[in-house]
Amino acid sequence: MAHCTITSKNVSSPRALEIGWGEDRELKDDNYTKLSVIDLIRERWGWLLIFFGGLVLAALVVEAFEDVLKHNVELSYFVPLLIGHGGNTGSQSNATVIRALALGHVKPSDYLRVMAKEAGAGTFMGAMLGLMILGFSFLWDSISTQVGLVVAISLPLVSLWANVLGGVFPLLSARFGFNPAVTSAPLMTTVVDSSGLIIYFYIAKIVMKM
């Protein structure tokens, strides 16, 4: 039966999370102090190009919903909050699961359990923050309660989505032999930036009947 192993001697290495499947294999222990600038660029450059493409997609999403923003400029005030929160909560989830992988507490086949746990945590935290924004909208003259409601609905959904991705991407990276520390967090942030904006703007269109 397929299994994964992470030995304690490898946990301190950036390569420690490259988990082999099938038969056990020795993991290459790269010493960061011995890596050259070229080595770092070679390891990261290809992924950064992919992530850059995803960030350009986020700009295209904003352009696609330009009419929504024109009619409700207040919505733009919370764009940094939405994508920032998605990146923050997803990164927390990501770091937690990477550590659990390194310690052997979870393995890629535990993805359903990880998804359920992270979805619950993300939804709760996003809902609490969303209620705070809704409350502020009753006191903040520059923000309508309708926009506050849009943000209050969007935050838990974006938070749920970001947490699930932040938890699953390290497992997928390990499953396919990539280094989760290098790939999973930037990939999560890239996906959440674009998809979080889509969630936000579609909820705005529904709530505001546009």
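These numbers come from the heavy atoms of this one structure, side chains and all, not from hydrogens, waters or symmetry mates. Worth saying up front: this structure is predicted, and the values here are computed from it rather than measured.
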Quick one: does [X]'s side chain get under 4.5 Å of [Y]'s, heavy atoms only?
X	Y	answer
E118	L160	no
I203	L157	yes
V62	L69	yes
F138	I143	no
P108	L172	no
W161	V158	no

Going hydrophobic residue to hydrophobic residue with side-chain gaps under 4.5 angstrom, can you get from [X] over to [Y]?
X	Y	result
L187	L49	no
L112	L101	yes
L57	F52	no
Y77	M132	yes
Y202	I153	yes

So which heavy atom on [X] is nearest to which on [Y], and how close?
X	Y	result
H105	R113	O-NH2, 4.1 Å
T145	S137	CA-OG, 3.6 Å
V68	K205	CG2-CG, 3.7 Å
A174	P180	N-CG, 4.0 Å
L197	A58	CD1-O, 3.9 Å

Candidate list V106, N179, I98, test side chain to side chain contact (heavy atoms under 4.5 Å, CB included), partner P170, passing option: I98
Test item: [X] side-chain N/O and [Y] main-chain N/O as donor-acceptor pair under 3.5 Å:
X	Y	result
D193	T190	no
S194	V191	no
S93	N163	yes
H71	D67	yes
T89	S159	no

task: Taking atom OH of Y111 as the centre, report whether more than 12 heavy atoms of other residues, nucleotides or ligands fall under 6.0 Å from it.
output: no
Which distance, rounded to the nearest 0.5 Å, do you find between the [atom1] of [X] and the [atom2] of [Y]?
X	Y	atom1	atom2	value
L129	L81	CG	CG	8.0 Å
M128	T123	CE	OG1	10.5 Å
K70	F65	NZ	CZ	15.0 Å
L171	N94	CG	CG	9.5 Å
I133	L149	CD1	CG	12.5 Å
L131	F136	CG	CZ	11.5 Å

query: Could you walk me through whether M208 and L75 pass the side chain to side chain contact (heavy atoms under 4.5 Å, CB included) check?
result: CA-CA 11 Å; M208 298 179 171; L75 290 171; 4.0 Å; yes
- prompt: Just checking, any donor-acceptor pair under 3.5 angstrom between side chains of D39 and S36?
  reply: yes
- prompt: For S142 and E74, does a side-chain donor sit closer than 3.5 Å to a side-chain acceptor?
  reply: no
message: Show, in sequence, the C-alpha distance, side-chain angles and deciding distance for S76 and V73, and conclude whether the side chain to side chain contact (heavy atoms under 4.5 Å, CB included) test is met.
response: CA-CA 6 Å; S76 65; V73 179; 3.9 Å; yes
query: Taking the six-membered ring for Trp, is the centroid-to-centroid distance between F78 and Y200 below 6.0 Å?
result: no
